[in-house]
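Not measured: the values here are computed from a predicted model. First the proteins, then the strands, lettered A, B, ... as listed; each starts at 1.
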Number of protein chains: 2
Amino acid sequence: MFAPIKKQKVAEQVAASLRGAILSGRLKPSDAVPSERVLAERFDVNRSSIREALLRLESWGLIEIRQGEATRVKNFLESGGLQLLPYLIAPDGELDLPLLADLLEIRVMLLGWTAEQAAQKCSPEDISGLMEIISRLEDPGASPETRQKLDYDFFERLVATTKNRVLIFLSNAIRDVYMQQRGLFMTFYQDDVFDPRYYRAVVEALAAGDPLGAGQAMRLQAAVFDAGWWSTSGAETT
Amino acid sequence: MFAPIKKQKVAEQVAASLRGAILSGRLKPSDAVPSERVLAERFDVNRSSIREALLRLESWGLIEIRQGEATRVKNFLESGGLQLLPYLIAPDGELDLPLLADLLEIRVMLLGWTAEQAAQKCSPEDISGLMEIISRLEDPGASPETRQKLDYDFFERLVATTKNRVLIFLSNAIRDVYMQQRGLFMTFYQDDVFDPRYYRAVVEALAAGDPLGAGQAMRLQAAVFDAGWWSTSGAETT
DNA sequence: GTCTTACAACTGGTCCGACCACCCGACAAC
DNA sequence: GTTGTCGGGTGGTCGGACCAGTTGTAAGAC
């Protein structure tokens with residue numbers, strides 16, 4: 001109730017509009033974007049704001065800006081990065097289920113590998129940190145929102161124990177997808193997807209220094225999670 | 001000889017300067033960046049250019065801009081994405097070997113998994129496409145630059161066969177690291193890191209529809225690649 | 001005295017209009 | 001046909017003004 005009003009900057013609105021046009025395919029690769037002066041007139045905003053918006057699109061790998069030439073749309077499948085996922089996963093409030101399946105698939109793999117690595121490097125502090133998250137997950141009074149947050153905290157903590165900076169950046173990108181679409185995801189969760197027993201099995205394997213066991217336990221948790229998802233959304237994995 | 005001169009925009013130079021200050025730690029998380037007006041004076045450029053530079057930093061997850069307040073440095077380990085890797089891997093022309101080790105580690109995992117997935121989904125066209133890349137790799141006249149390119153093409157083709165869009169975005173990010181630091185990487189390659197036999201083993205497993213075999217063959221190729229690397233750079237993996 | 005209010009002095013966000021740097025295609029000169 | 005020039009398009013930079021939030025503080029009310 002009375003959620004904070006999000007005031008969006010002009011440049012952000014323009015950027016969102018153009019982004020939608022590109023991601024939805026209304027603007028196709030190698031198409032020329034109207035010139036900054038024309039866009040300024042169409043949107044009825046200043047050229048500075050248009051420039052700011054175009055700069056955002058460029059940083060997303062959606063367009064190519066070159067002085068003297070027209071700004072052109074790029075093929076985001078070739079040039080885009082994981083930053084695009086939050087916008088692609090639910091373009092118009094509706095989940096893109098095939099893309100979500102791709103994401104969950106990658107997630108299972110990453111989680112499994114992360115657990116394997118963690119089992120080789122984790123310290124007693126890491127173990128106790130993870131156990132603390134689990135104990136909070138076992139609290140029957142925890143809200144679904146809290147559980148979701150704890151699930152992510154667990155993943156993040158696990159990633160941190162691997163000390164692999166590339167993996168950290170990777171998991172940051174995945175976090176951004178979850179966080180930006182948190183409310184939408186929430187509607188699909190089953191009650192039992194965050195069963196503490198699975199997490200506990202992972203940590204026990206970690207404590208025992210058993211990489212393969214940890215990986216398998218982690219993959220099992222992820223599989224349960226995914227299964228709960230698909231049964232709710234009523235869709236089939238391909 | 002006579003390589004094209006890269007003319008850098010003012011805003012890009014400013015952005016690079018500030019980026020270096022943050023990535024090197026001279027500007028620490030939660031530090032306030034000088035105001036746009038002050039920066040404009042210090043760099044002796046227009047405020048528009050400063051704004052453009054700051055916008056870039058924001059899109060990299062390096063700073064947080066909020067109207068009315070000072071712009072603050074963020075902890076890029078928490079907020080950064082894979083876009084940062086090209087700048088982190090060789091901050092001042094010198095390779096960050098631990099980070100490179102992290103990257104290669106992730107790369108091995110990704111390649112292996114990708115091959116496993118590809119073995120389940122690849123079409124005859126995919127196979128012949130990969131074979132064609134290998135045949136060009138077998139050309140003894142191919143330059144190291146060409147071989148490097150072909151190696152990447154092989155990876156990219158393999159990723160494409162999985163049809164997993166998230167994996168595609170992921171591999172795009174890794175490609176950007178390689179491409180931006182191509183020259184530097186080139187100096188570390190051994191002659192034999194691109195041995196066609198390993199690639200061929202992968203494709204044979206793919207054609208046989210053998211996921212595990214494909215994954216193992218792919219990991220073997222990646223391992224040989226990495227080994228050649230470390231022996232040249234004279235460093236040890238952790 | 002303490003609490004409230006209003007203001008002043010920052011910050012970034014938007015606007016305007018001018019000019020510079022670069023690219024390309026039309027067209028004239030050879 | 002080839003070469004060179006130039007005009008009109010593009011994005012890039014400039015400066016200066018004003019709008020819009022945030023915050024600390026000093027004047028006022030109790």
Note to self: Both B/Glu12 and A/Gly68 contact DNA chain D. Which one's nearest nucleotide lies toward the 5' end?
What the structure shows: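 Its nucleotide being nearer the 5' end, the pick is A/Gly68.
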
- Within 6.0 Å of CD in A/Glu94, more than 12 heavy atoms from elsewhere: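 Atom CD in A/Glu94 is not packed in, count stays at 12 or less.
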
Contact class for [X] (heavy atom, under 4.0 Å): base, sugar-phosphate, or nothing?
{"X": "A/Ser48", "value": "base"}
{"X": "B/Arg51", "value": "base"}
{"X": "A/Arg37", "value": "base"}

Phosphate OP1/OP2 of C/dG12 contacted by B/Thr71 side-chain N/O (<4.0 Å):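 Looking at the OP1 and OP2 atoms of C/dG12, one of them is under 4.0 Å from a side-chain N or O of B/Thr71.
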
Between atom CG in A/Leu54 and atom C1' in D/dT10, what is the gap in whole Å?
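Value for this atom pair: 12 Å.
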
> Given atom CG of B/Asn46 and atom P of D/dC14, what is their separation to the nearest angstrom?
Replying inline: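 It works out to 5 Å between those atoms.
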
Nearest to the side chain of [X], heavy atoms from C-beta on, is which of [options]?
{"X": "A/Lys9", "options": "D/dG21, D/dT13, C/dT14", "answer": "C/dT14"}
{"X": "A/Glu36", "options": "D/dG11, D/dT23, C/dC15", "answer": "D/dG11"}
{"X": "B/Val10", "options": "D/dC14, C/dC23, C/dC15", "answer": "D/dC14"}
{"X": "B/Gln67", "options": "C/dA21, D/dA20, C/dC15", "answer": "D/dA20"}
{"X": "B/Ser49", "options": "D/dG11, D/dC14, D/dG21", "answer": "D/dC14"}

Problem - hbond_proxy B/Arg47 side chain to C/dG13 base (donor-acceptor, 3.5 Å cutoff) - result: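 Yes, a donor-acceptor pair under 3.5 Å.
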
- Item | B/Arg107 to B/Phe225 six-membered ring, cation-pi geometry met (6.0 Å, 45°) |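 Yes, B/Arg107 and B/Phe225 form such a contact.
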
* **Nearest non-hydrogen partners of B/Leu82 and A/Phe169, listed with the distance** =>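 Shortest heavy-atom separation between B/Leu82 and A/Phe169 comes out as CD2-CB, 3.8 Å.
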
* Asked: Rounded to the nearest 0.5 Å, how far does CD1 of A/Ile89 lie from CG of A/Leu84?
  ->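 Taking CG in A/Leu84 and CD1 in A/Ile89, the distance rounds to 12.0 Å.
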
